[in-house]
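The structure under discussion appears below in the form of structure tokens.
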Amino acid sequence: MLEIENLSLKYGQSQILHDITLNAPVGQVTCVTGTNGVGKTSLLKAIAGRHPFSGGRIRLNGVELQPGRAALSAKAGVGYVPQGREIFPLMTVQENLETGFACLPKSERRIPDDIFDLFPVLAEMKARRGGDLSGGQQQQLSIARALIARPSVLLLDEPTEGIQPNIIQMIGRTIRLLRDRGELAIVLVEQNFDFAYNNADHFHVMQRGQITQSIPKAEAKREQLLDALAL
């Protein structure tokens, strides 16, 4: 389980996150949603060790993560798929996937067959450069690369942004399959309301760097979430 307790984060003198507390259990999709600029991406960057937080604690499987230590967070089991994908455009698909080996012992540095079962297009394009792929193909590559390291928690930042509808549906099926395997927690930041509503198990609504509502899917009425996001 990913546990976040009273997390605060600043950029210079500006406080971006205020006492964020949430849990992301294994076998569930935990959605963090809200309008632009409320701190969703900053929250994921703090979890991934890409930005030091100024207060609070983050624990993954009971192990406390150190602020601003991305390499240590990755080794501890944090898989991060950033907004914008950040694949290496001049490296092949195969080489991009192999960058996920950095967190693994040498004996485990291989691409599991199920990666290509999840993303068949990557098997067909292993020799193509990352920059030559479409946006949807790059998104699949970015998710696959994060999975190579066998994370305990997968952070997805706006995975549907700029993606064609058929690939959005495929990514949704992949997220549900990963959830149903019961091997990792998934934290989804998403503004595509229908995608989030169809795939999440729990919703945390953010406003101005704070979580204002936490709603299980079983209790989440569509209209209630839409009203919360409209504030």
Side-chain angles (χ1 to χ4, degrees), residues 2 29 41-42 44-52 60-61 65-66 68-179 181 183-190 195 199:
L2 175 72
V29 178
T41 292
S42 295
L44 292 195
K45 286 184 175 180
I47 300 168
R50 289 198 172 192
H51 195 286
L60 181 57
N61 298 328
L65 303 183
Q66 299 303 309
R69 303 293 298 275
L72 293 181
S73 294
K75 288 182 179 180
V78 178
Y80 181 44
V81 181
Q83 189 176 20
R85 300 179 276 276
E86 295 184 10
I87 57 97
F88 297 101
L90 299 181
M91 296 171 63
T92 67
V93 166
Q94 176 85 17
E95 290 166 341
N96 267 277
L97 292 172
E98 289 174 353
T99 62
F101 291 169
C103 299
L104 297 174
K106 289 186 178 181
S107 61
E108 298 180 18
R109 293 185 179 182
R110 58 179 180 79
I111 298 173
D113 292 338
D114 68 343
I115 290 294
F116 296 125
D117 292 337
L118 290 170
F119 306 104
V121 69
L122 301 183
E124 301 167 11
M125 297 187 170
K126 284 192 287 187
R128 293 275 295 274
R129 292 191 307 180
D132 294 335
L133 304 185
S134 70
Q137 291 163 348
Q138 288 184 2
Q139 186 63 276
Q140 294 174 69
L141 176 56
S142 186
I143 297 171
R145 180 180 59 186
L147 292 173
I148 291 289
R150 301 163 182 78
S152 298
V153 60
L154 181 65
L155 311 178
L156 299 168
D157 195 354
E158 304 283 2
T160 71
E161 185 177 48
I163 305 300
Q164 56 267 44
N166 63 315
I167 302 299
I168 289 176
Q169 292 177 6
M170 187 278 291
I171 290 173
R173 289 194 298 270
T174 301
I175 289 173
R176 293 192 298 273
L177 176 61
L178 292 171
R179 174 197 62 195
R181 287 179 177 178
E183 297 173 352
L184 77 166
I186 299 173
V187 179
L188 171 68
V189 161
E190 185 56 68
F195 183 85
N199 292 292

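All values below were derived from every heavy atom in this structure, side-chain atoms included, with hydrogens, water molecules and symmetry-related copies excluded.
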Shortest non-hydrogen contact from Leu178 to Leu147? CD1-CD1, 4.0 Å
Gly100 to Ala149 - nearest heavy-atom pair and separation: O-CB, 3.8 Å
Closest non-hydrogen atoms of Asp157 and Tyr80, given as atom of the first, atom of the second and distance, are OD2-OH, 4.2 Å
Is the shortest side-chain heavy-atom distance between Pro112 and Ile148 below 4.5 Å? yes
Residue pairs fulfilling side-chain hydrogen bond (donor to acceptor under 3.5 Å, both in side chains) with at least one residue in residues 98-107, sequence neighbours excluded: Gln94-Glu98
Over all heavy atoms of both residues, which pair between Leu141 and Leu122 is shortest? Give the atoms and the distance, please. CA-CD1, 3.9 Å
Other residues, nucleotides and ligands only: do more than 12 of their heavy atoms fall within 6.0 Å of CG on Asn166? yes
Hey, are the side chains of Glu158 and Glu190 touching, using non-hydrogen atoms and a 4.5 Å cut-off? yes
Report yes if some heavy atom in the side chain of Phe116 is under 4.5 Å from a heavy atom in the side chain of Ile111; otherwise report no. yes
So, applying side-chain contact (heavy atoms from CB on, under 4.5 Å) with Val81, which one of Leu155, Leu154, Leu44 is it? Leu154
Flag if over 12 foreign heavy atoms under 6.0 Å of CZ, Arg150: yes
Report the C-alpha distance between Val121 and Met170 in whole Å, list the side-chain angles of each, state the deciding distance to 0.1 Å, and finish with yes or no for side chain to side chain contact (heavy atoms under 4.5 Å, CB included). CA-CA 12 Å; Val121 69; Met170 187 278 291; over 6 Å; no
Scanning both residues in full, the closest heavy-atom pair of Arg109 with Leu104 reads NE-O, 2.9 Å
For a 4.5 angstrom cut-off between non-hydrogen side-chain atoms, does Phe195 reach Ile175? yes
Does Arg85 have any salt bridge (Lys or Arg N to Asp or Glu O under 4.0 Å) partners at least two apart in sequence or in another chain, and if so, which? none
Once side-chain hydrogen bond (donor to acceptor under 3.5 Å, both in side chains) is applied, what residue pairs with a partner in residues 137-146 remain, sequence neighbours excluded? Ser134-Gln137
Roughly how far, to the nearest 0.5 Å, is CG of Asn199 from CZ of Arg173? 10.5 Å
Between Asp114 and Asp117, does a side chain to side chain contact (heavy atoms under 4.5 Å, CB included) hold up when you go through it step by step? CA-CA 5 Å; Asp114 68 343; Asp117 292 337; 4.2 Å; yes
Given Leu90 and Arg129, is the side chain to side chain contact (heavy atoms under 4.5 Å, CB included) satisfied, shown in steps? CA-CA 6 Å; Leu90 299 181; Arg129 292 191 307 180; 3.6 Å; yes
Closest non-hydrogen contact found for Ile171 with Ile143 is CG2-CD1, 4.2 Å
Close side-chain approach of Leu177 to Thr174, heavy-atom, < 4.5 Å: no
